[in-house]
Amino acid sequence: MHANSEGVEDEPVLKDWMLKRNCSVSPKQFLVFYVSLCVVSLSVALTVVLWGAWLVLPFTGLDLLVVGVAFVIYARHAVDYEYIRLCEHRLVIERVSADRVSQFEFNPRWVRVEPGATPRDRITLHSAGQSVTIGQHLAWHLRAQFANELRSWLRRCA
């Protein structure tokens, strides 16, 4: 099931899909926003410290630390995606989540596509006793439509 990518580039791609998060802000934009948030918060905190309320500064630091951790978690997953590539003799699924890259390969003639029991469930691909779920970044109301489209393209390889 797991594949190395040898030969994938040599084979013509019949259809490919890129399923990724709909992120309105890039990690770089988040960094600029966080730095500006730090500058404004620390300016206000230092002004209040000058008036004698020194206890504001540690809480501002704690607040910025918590927000920074949340931003790092968001930024690590902001560019996650699933890339599905259908060739005549192989179906390759490449999944990137944070710093992990996993790749799965199936024979497209043997793949069975199962949409989830509910529209919010992900799509499962079964082949030769192996299975993988896809569609994590696909809007839930589009999953059944995507499953039908994938099924249609897989039939062309049969």
Side-chain angles (χ1 to χ4, degrees), residues 1-9 11 13-51 53-87 90-106 108 111 113-127 130-150 153:
M1 178 167 101
H2 293 279
N4 55 19
S5 58
E6 294 175 15
V8 173
E9 292 80 17
E11 195 171 353
V13 176
L14 300 176
K15 179 73 175 168
D16 61 345
W17 297 269
M18 175 66 80
L19 308 176
K20 60 183 182 176
R21 294 180 180 273
N22 183 12
C23 294
S24 58
V25 180
S26 72
K28 184 179 178 181
Q29 291 170 323
F30 245 90
L31 180 63
V32 170
F33 173 73
Y34 181 68
V35 168
S36 65
L37 178 69
C38 289
V39 167
V40 170
S41 294
L42 290 173
S43 299
V44 170
L46 289 173
T47 303
V48 173
V49 165
L50 291 176
W51 290 347
W54 62 269
L55 200 52
V56 170
L57 195 57
F59 283 104
T60 301
L62 181 63
D63 181 44
L64 292 174
L65 177 68
V66 169
V67 171
V69 168
F71 282 176
V72 166
I73 292 169
Y74 171 82
R76 285 191 64 191
H77 291 281
V79 293
D80 290 358
Y81 67 86
E82 292 173 324
Y83 182 56
I84 302 165
R85 193 170 44 243
L86 177 63
C87 302
R90 63 179 80 192
L91 175 67
V92 179
I93 297 132
E94 180 180 313
R95 181 181 298 149
V96 174
S97 178
D99 57 350
R100 292 178 316 195
V101 178
S102 51
Q103 192 172 30
F104 307 92
E105 183 177 320
F106 296 106
V111 174
V113 180
E114 288 184 4
T118 68
R120 293 189 185 271
D121 292 340
R122 290 193 250 164
I123 300 162
T124 306
L125 303 179
H126 298 279
S127 178
Q130 304 293 328
S131 64
V132 65
T133 58
I134 60 171
Q136 175 180 350
H137 307 299
L138 191 60
W140 67 268
H141 62 278
L142 297 175
R143 290 181 180 168
Q145 177 185 349
F146 175 72
N148 290 333
E149 181 181 349
L150 181 58
W153 277 94

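Only a predicted model underlies this, so the values are computations on that prediction, with no experimental measurement involved.
Of the possible polar contacts, none joining the N148 side chain to the Q145 backbone as a donor-acceptor pair under 3.5 Å is found. At distances below 3.5 Å, not a single donor-acceptor pair connects side-chain atoms of R143 with backbone N or O atoms of I123. When atom types are taken as modelled, the side chain of E82 and the backbone of I93 share no donor-acceptor pair closer than 3.5 angstrom. In this structure a side-chain-to-backbone donor-acceptor pair under 3.5 Å is present from Y34 to L64. Using a distance-only test at 3.5 Å, with no hydrogens or angles considered, no donor-acceptor pair links the side chain of R122 to the main chain of G116.
With sequence neighbours excluded, the residues satisfying side-chain hydrogen bond (donor to acceptor under 3.5 Å, both in side chains) with E149 are W17.
Here the CZ-CD distance, from R85 to E105, works out to 9.0 Å after rounding to the nearest 0.5 Å. Distance check: S41 OG to L46 CG gives 10.5 Å after rounding to the nearest 0.5 Å. A distance of 10.5 Å separates OG1 of T47 from CG of L42, quoted to the nearest 0.5 Å. Between atom CD of residue E114 and atom OG1 of residue T133 there is a gap of 12.0 Å, rounded to the nearest 0.5 Å. For the atom pair CZ (F30) and CG (L37), the distance works out to 11.0 Å, reported to the nearest 0.5 Å.
Residues V39 and S43 come closest through the heavy atom pair O-OG, 2.7 Å. The two residues P115 and V113 come nearest to each other via the heavy atoms CD-O, 3.8 Å. Of all non-hydrogen atoms in I134 and F146, the two that sit nearest each other are CD1-CE2, 3.8 Å.
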Without placing hydrogens or testing angles, list every side-chain donor-acceptor pair under 3.5 Å for residues 66-77, not counting sequence neighbours.
from, atom 1, to, atom 2, distance (Å)
Y74, OH, V25, O, 3.4
R76, NH2, D99, OD1, 3.2
H77, ND1, D80, OD2, 2.7

Run L19 and I84 through side chain to side chain contact (heavy atoms under 4.5 Å, CB included) and show every step you take. CA-CA 8 Å; L19 308 176; I84 302 165; 3.9 Å; yes
Walk me through whether L150 and V111 qualify under side chain to side chain contact (heavy atoms under 4.5 Å, CB included). CA-CA 10 Å; L150 181 58; V111 174; over 6 Å; no
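If you check the side chains of D63 and T60, you find no donor sitting under 3.5 Å from an acceptor.
Contact of the V92 side chain with the C87 side chain is not registered, since no non-hydrogen atoms from C-beta on lie closer than 4.5 Å.
Within a 6.0 Å radius of NZ in K20, no more than 12 heavy atoms belonging to other residues, nucleotides or ligands are found.
Under the side-chain hydrogen bond (donor to acceptor under 3.5 Å, both in side chains) rule, Y81 has a single partner from E94, Q136, R21, which is E94.
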